[in-house]
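Quick caveat, the model's predicted, so the values are computed rather than measured. Each chain gets a letter, A, B and so on, in the order the sequences are listed, and its residues count up from 1.
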Amino acid sequence: MLKTTTPEIEEIKTKTKKKHYSFSLNAKDKYYALLFLGPSLLILSVFVFYPMLKTLYISMFLTNTLGKTTVFNGFNNYTQLLSSPEYITSMISTLIYVLSVTVLTVSIGLLLANLASQKLAGIGVFRTLYSITMGVSVSVAAIFWLFIFNPSTGFFAIISNYLHLPVMNWLTDPKMAMWAVIITTVWMNLGFTFLILLGSISSVPTTLYEAASVEGASNRRQFFKITIPMISPTLFFVSTITLIDSFKSFGLIDLITKGGPTNSTNMLVYRIYKDAFYSGNYGQASSEAIILTIIIAFFTFLQFKFLEKRVNY
Amino acid sequence: MMTSNKPNRLNKFFSYLLLIVLAIIILAPFFIGIWTSFLPTMDIAQGNFFSTKISFDNYAAALTKTPIIRYLGNSLVISTLTMIAQLIFCSMSAYAFVFLKFKYRNAIFVLFLITMMLPFEAEIIPNFTTVKNLGMLDNYSVLLIPFLTSAFGTFMLRQAFMQTPAELKEASDIEGLNHFQFYWSIVLPYNKISLITLGAYSFLGAWNQYLWPMLTTFSNNSRLIQNGLRQLQSEETFNDWGMIQASAAIIVIPTIIVLFIGQHYFKSGMNEGAVK
């Protein structure tokens with residue numbers, strides 16, 4: 001994603017200057033276009049465009065138990081959702097989750113990347129170790145951490161027992177359950193974020209640091225005055241990616257808490273799934289899906305816009 | 001980059017200390033999981049972590065008593081096929097956007113851009129109905145067909161293809177290559193790195209799928225590993241922590257070995273393709 005040069009501007013450039021691709025304007029192009037673009041267009045139409053419009057349509061209806069639309073309800077599904085305390089709670093817990101995950105993943109990733117960019121003997125080993133969670137899939141991460149959080153046999157419980165501290169109910173206390181999901185998500189994301197940030201930090205010209213060192217700037221100062229500004233497009237990129245991905249989180253929640261306890265981790269996507277496929281309330285679930293789409297489209301758009309401006313060299 | 005002003009021994013010592021402590025914290029869940037996979041379930045249940053009865057029994061049990069091999073095979077097949085399909089279809093549509101002139105090209109491209117902003121999670125309700133009506137449930141096809149192509153892949157490859165030197169196109173026009181020949185013998189090889197990046201990305205994406213396969217598959221014949229592990233953990237063998245950890249280890253160890261081998265390649269590819 002994201003070597004974003006404005007496509008439109010690029011287009012105009014090629015058209016006006018005719019320096020880039022001199023198209024052989026050929027009638028055959030039309031058939032090639034159909035051949036080359038056809039399959040993708042077909043798949044996207046059936047599995048993206050159509051379902052999106054259909055979701056929008058269903059979101060304005062009441063549905064029966066078979067999921068068939070019955071009564072036109074206009075925007076009532078939306079107003080009902082947005083005035084339901086339960087949905088607002090879901091929204092808030094999603095925001096807490098998304099913000100915590102993003103802030104923690106990016107700041108820890110940045111710390112690790114900065115440390116691992118030092119020129120030290122054997123640093124390669126640490127780089128490899130820090131990126132290890134890239135190889136961990138959702139279910140594996142969940143199993144490792146479920147065991148750690150387990151209140152009777154888990155690692156934390158055993159440590160607490162050993163130290164004669166009270167055992168924390170990670171999975172049954174609503175507040176702790178949220179943290180259990182956050183910790184697992186951050187841990188799982190860390191490898192990817194670390195690698196991207198490390199790559200970005202390594203591409204900062206060393207001459208900048210040398211000049212700063214000559215002038216006696218401390219490491220901390222160099223980090224905030226050189227590293228951070230130089231890698232800011234990448235920081236923005238990993239932040240929005242993490243943000244968007246955590247809005248869509250489903251697997252870890254299903255594996256660790258199943259939305260519970262007492263709905264404390266019943267976040268946006270999990271709600272859609274439960275309302276649609278457990279309760280059979282397709283109309284409401286569709287409105288929730290549309291709200292989710294608006295949120296995610298907004299951040300994706302922001303990402304495009306920002307990267308277009310910043311990363312254009 | 002933390003350039004140490006003077007090679008200071010104490011600084012170095014603290015750097016290594018910090019690096020090691022952080023490595024231990026990150027690796028701890030692995031160590032705990034994998035160590036547990038060698039212990040008898042009885043000892044785990046009693047919190048006896050320093051059991052002397054270390055064995056591969058849990059692994060043997062996971063491999064023989066559960067369909068984990070089948071799940072793994074399913075995931076491998078689906079992820080590989082998804083990757084191949086996306087490489088073919090995304091590169092074809094990207095080619096169309098860069099090298100072909102046709103009506104509504106920009107409009108169609110904008111449609112692709114919009115698609116990138118629509119989360120698949122929000123479309124599952126009609127999609128579920130579609131695949132149900134098509135009789136695709138609990139079948140490889142349901143896991144594959146919706147993901148044959150992606151707007152993201154098309155977009156990413158389009159960005160890469162635009163960097164292909166114009167001279168190559170001119171030369172191939174002189175040579176009399178048609179679009180298919182140019183696409184196949186020039187554009188694809190020239191953009192190998194971006195293709196590898198997309199390949200890795202789509203493979204991992206398919207491997208980590210969770211919600212869609214959970215909705216659409218319900219027998220061991222088509223169930224994927226992510227959902228399979230959930231199945232093991234929640235139903236069949238509750239509390240058999242040793243075996244569950246062994247199953248997790250069976251899945252994670254090969255991935256990590258592949259990652260170690262391909263790390264350098266992957267890293268540079270990701271940085272080129274992902275962030276300029």
Side-chain angles (χ1 to χ4, degrees), chain A residues 1 3 20-21 23-25 29-30 32-33 36-37 39-40 43-44 47-48 51-52 54-55 114-115 117-118 120 126 129 132 134-140 143-145 147-148 153 155 158 195 199 201 209 213 219 234 237 248 250-251 255 269 276 282 285-286 289 292-293 296-297 300 311, chain B residues 1-3 5 15 18-19 22-23 26-27 29 32-33 44-45 47 89 92-93 95-96 100-102 115-119 121-123 125-127 146 148-149 152 154 156 159 166 169 173 179 207-208 210-211 226 229-230 233 241 244 248 251-252 255-256 259-260 263 267 271 274-276:
Chain A
M1 236 161 297
K3 266 192 225 164
H20 277 61
Y21 293 106
F23 293 102
S24 44
L25 253 180
D29 268 19
K30 208 164 48 179
Y32 274 109
F36 275 82
L37 204 53
S40 288
I43 295 288
L44 292 178
F47 291 103
V48 183
M52 209 66 238
K54 183 85 183 185
T55 305
N114 193 46
L115 277 172
S117 66
Q118 296 174 96
L120 289 171
F126 290 101
L129 292 181
I132 203 165
M134 269 205 62
V136 181
S137 53
V138 189
S139 60
V140 172
I143 283 175
F144 282 165
W145 282 95
F147 180 70
I148 294 174
T153 59
F155 186 76
I158 285 161
L195 267 191
I201 292 180
Y209 295 106
S213 291
N219 283 341
T234 312
F237 167 74
K248 297 194 275 190
F250 179 86
L255 286 155
V269 177
Y282 289 86
S286 298
L292 176 78
T293 306
I296 287 175
T300 316
V311 200
Chain B
M1 188 182 287
M2 278 189 14
T3 40
N5 295 352
S15 288
L18 194 56
L19 282 165
L22 287 169
I26 291 170
L27 293 177
I32 296 167
I44 303 169
F89 292 126
M92 277 167 53
S93 44
Y95 182 92
L100 294 174
K101 271 220 148 170
F102 52 93
T115 313
M116 279 178 64
M117 302 185 185
L118 307 177
E121 288 77 2
E123 297 149 6
I125 298 168
N127 277 341
L148 288 176
T149 189
F152 163 69
T154 302
M156 185 189 137
Q159 298 298 94
K169 179 67 183 146
D173 281 345
H179 277 300
W207 187 265
N208 270 318
Y210 188 89
L211 174 55
Q226 307 302 335
L229 266 186
R230 174 196 197 243
Q233 177 237 329
W241 273 110
I244 295 166
I251 301 163
V252 81
T255 349
I256 286 179
L259 206 71
F260 279 1
Q263 199 207 18
K267 193 168 63 188
N271 268 302
V275 206
K276 158 88 205 198

Worksheet entry | Parallel, tilted or perpendicular: ring planes of Y210(B) versus F250(A), cut at 30 and 60 degrees | tilted
Practice prompt. Between chain A and each of A248(B), A23(B), P146(B), count heavy-atom pairs under 4.5 Å; write down the option with the most.
Written response: P146(B)
Fill in: Per-residue contact mode, F126(A) against chain B (heavy atom under 4.5 angstrom)
side chain
Item to complete: Answer whether the closest heavy-atom distance between the side chains of K54(A) and I125(B) falls below 4.5 Å.
Response: no
Item to complete: Name the region of F89(B), side chain, backbone, both or neither, that has any atom closer than 4.5 Å to a heavy atom of chain A.
Response: both
Discussion item. Looking at chain A, which one of L118(B), T154(B), I251(B) has the largest number of heavy-atom pairs inside 4.5 Å, strictly under?
Written reply: L118(B)
Item to complete: Please step through side chain to side chain contact (heavy atoms under 4.5 Å, CB included) for the pair N127(B) and F47(A), ending with a clear verdict.
Response: CA-CA 6 Å; N127(B) 277 341; F47(A) 291 103; 3.6 Å; yes
Worksheet item: Are any non-hydrogen side-chain atoms of F147(A) and I44(B) less than 4.5 angstrom apart?
Response: yes
Item to complete: Name the option with the most non-hydrogen atom pairs under 4.5 Å to chain B; the candidates are G251(A), A285(A), S286(A), A297(A).
Response: G251(A)
Worksheet item: Of all of L19(B), L148(B), V252(B), L18(B), which one pairs up most often with chain A through heavy atoms under 4.5 Å apart?
Response: L19(B)
Discussion item. Please classify the contact of V269(A) with chain B as side chain, backbone, both or neither, using a heavy-atom distance under 4.5 Å.
Written reply: side chain
Worksheet item: Among T300(A), L292(A), L255(A), who wins on heavy-atom pairs under 4.5 Å with chain B?
Response: L255(A)
Worksheet item: For I148(A), is it the side chain, the backbone, both, or neither that has a heavy atom closer than 4.5 Å to a heavy atom of chain B?
Response: side chain
Worksheet item: When rounded to the nearest 0.5 angstrom, what distance separates CD1 in I43(A) from OG1 in T115(B)?
Response: 13.0 Å
Discussion item. Please identify, among A289(A), P51(A), A33(A), G135(A), the residue contributing the most non-hydrogen atom pairs under 4.5 Å to chain B.
Written reply: P51(A)
Item to complete: Against chain A, label L211(B) side chain, backbone, both or neither, depending on which of its atoms sit under 4.5 Å from a heavy atom there.
Response: both
Discussion item. Applying side-chain contact (heavy atoms from CB on, under 4.5 Å), can you list everything that pairs with K248(A), at least two apart in sequence or on another chain?
Written reply: I244(A), D245(A), I296(A), P119(B), E121(B)
Item to complete: Could you give me the CA-CA distance, side-chain angles and deciding distance for L129(A) and I26(B), then say whether side chain to side chain contact (heavy atoms under 4.5 Å, CB included) is met?
Response: CA-CA 8 Å; L129(A) 292 181; I26(B) 291 170; over 6 Å; no
Worksheet item: With a 4.5 Å heavy-atom cut-off, do I143(A) and W241(B) have their side chains touching?
Response: yes
Discussion item. According to side-chain hydrogen bond (donor to acceptor under 3.5 Å, both in side chains), who are the partners of Q226(B), at least two apart in sequence or on a separate chain?
Written reply: S137(A), S139(A)
Worksheet item: Of all of V136(A), T293(A), I132(A), V138(A), which one pairs up most often with chain B through heavy atoms under 4.5 Å apart?
Response: I132(A)
Worksheet item: Got S15(B) and L120(A) here, is their nearest side-chain heavy-atom distance under 4.5 Å?
Response: yes
